[in-house]
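Predicted, not measured: the structure shown is a model, and the values here were computed from it.
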Amino acid sequence: MADSTPRASLAFLAPVVLVTLAALWFVSSFTASMVLASGSPAAALAWWPTDSARNGVAGRLVLNEPSPSDAAAAVALSNEVLERSPVSAAAARNLALATLLQGDLGAARRIIALGEGLSRRDVPTQMWLIEDRVQAGDIPGALVHYHRAMQTSRDTRETLLPVLAQAASDPVIARSLAATFVRRPEWWSDFLGRFVATTDSPESLMLIARGLRLDPRSDIDRARLVTIYQRAAILGDAAGARGLFLQVTGQRSQALLVNDGGFEQGRGMPPFDWALADESDRAGVRETRPGATGAVALTLTGNQGKEVARQLLALAPGRYRLTARVGAVGPGLLSPPTVSVACASGDQGLVESSRFPPATAPTPMAMDFAIDRACRGQWLIISSAANVGFLSDEPWIDDIRVVPATR
């Protein structure tokens, strides 16, 4: 049986971290490139007998399945550097890895901790500590070193963020990460984009989103919230996303199953606010209409029977009744406008659809429908009329409500 602990969720990070650690040693070091070019550590030191060269040689010696003699030589070189320069984080890191290869994990951990005390900005040291905390199953500890590595180097983010985004689909990891985001580290936005696009866990998505405390008054935060809501709908958690929507918009009650059914608010945060079409052949326009409830109604422009508005609902299984007020639905249309309910996830498709009744004056309409357990999240869709020619007056709809049906 597979291990379901957080450590198992993080274990796949180990080889990635080690490979990156090795790459960073050589990419970031001028001396390392010279060592590689020479193919001989001894020759490199003969040509360039500096502490930087010694660090580069020690780093090379402990890679690629080193022999005991290689590990011993790396220990000697690192100690030599530290005797002259006790603040060399690179020498401490090399000494720790060589000590680990000699089989003394306890001593290696003490040395790397001392190395981090010399410099928290040494990325390879942080990568080591990530690996160590991962292997220990210490999620908060690993995240501390993720943070330090990514604060130090933007290039490091390209390696670590995809791995962290994948790991955060484990809710245990997401919960710790959400606590980290309270402090808004510099890299949080880059992480969020990757995570929302790839996560398959609605629980983790909600944990991260709530931890970030995004502000819908900010244009960029509002856009982030929209992508979170949409991803949650795809993952079948419209209810959780709607709860977040109500929280960030300051709505305390979930009694209204349709948001802004009178089209008065226009916050512009779909899918729980209305998403309105604005195309040359169709549009949903908030405007004053005689007989409407409140200041405005939604005018449905276009004559091709296309969608002009939609909103995501989060209805529990059961029977419901939709009511609305419509107007300007003239005679002779090929097809009047429609209101439809369709499942937002899975393959359930259309639940129910109803045409507007003829309405030369403001007229009520109603539609009964049922939601089953497989339909987790529903689209409420309004479509325009279909007609051969232009309409002399555009139909409108207002005061949409959905309530549990009474038997």
**Item:** Side-chain donor/acceptor of Arg310 to backbone N/O of Pro270, under 3.5 Å
**Value:** no
**Message:** Between Asp138 and Arg133 (side chain of the first, backbone of the second, donor and acceptor by atom type, cut-off under 3.5 Å), is there such a pair?
**Reply:** no
**Asked** Quick one: does Arg157's side chain have a donor or acceptor within less than 3.5 Å of a partner on Met150's backbone?
**Response** yes
**Item:** Thr227 side chain to Arg224 backbone, donor-acceptor under 3.5 Å
**Value:** yes
**Prompt:** Is Asp398 salt-bridged to Arg325, cutoff N-O under 4.0 Å?
**Reply:** no
**Asked** Is a side-chain donor or acceptor of Thr293 paired with a backbone partner of Asp399 at a separation under 3.5 angstrom?
**Response** no
**Item:** Counterpart residues, side-chain contact (heavy atoms from CB on, under 4.5 Å), relative to Asp260 (two or more places apart)
**Value:** Glu264, Gln265, Trp274, Arg286
**Prompt:** Could Arg376 and Asp237 be called an ion pair, given the rule that one side-chain N must be under 4.0 Å from one carboxylate O?
**Reply:** no
**Message:** Taking Ser353's backbone N and O only, do any of them form a donor-acceptor pair with Ser340's side chain (distance below 3.5 Å, no angle check)?
**Reply:** no
**Request:** Taking Asp372 for its side chain and Cys375 for its backbone only, find out whether a donor-acceptor pair lies under 3.5 Å.
**Result:** yes
**Request:** Examine distances only and state if a side-chain atom of Arg175 and a backbone atom of Ser204 form a donor-acceptor pair shorter than 3.5 Å.
**Result:** no
**Message:** Before we go on, tell me: are the rings of Trp188 and Phe195 under 6.0 Å apart, centre to centre?
**Reply:** no
**Donor-acceptor pair, side chain of Gln311 and main chain of Asn259, under 3.5 angstrom** = yes
**Message:** More than 12 heavy atoms of other residues, nucleotides or ligands under 6.0 Å from CZ of Arg401: yes or no?
**Reply:** no
**Request:** Identify, with sequence neighbours excluded, every residue that meets side-chain hydrogen bond (donor to acceptor under 3.5 Å, both in side chains) alongside Thr301.
**Result:** none
**Message:** Would you say CZ of Arg194 has more than 12 non-hydrogen atoms from neighbouring residues, nucleotides or ligands within 6.0 angstrom?
**Reply:** yes
**Message:** Check this for me: does any side-chain nitrogen of one of Glu394 and Arg289 sit under 4.0 Å from a carboxylate oxygen of the other?
**Reply:** no
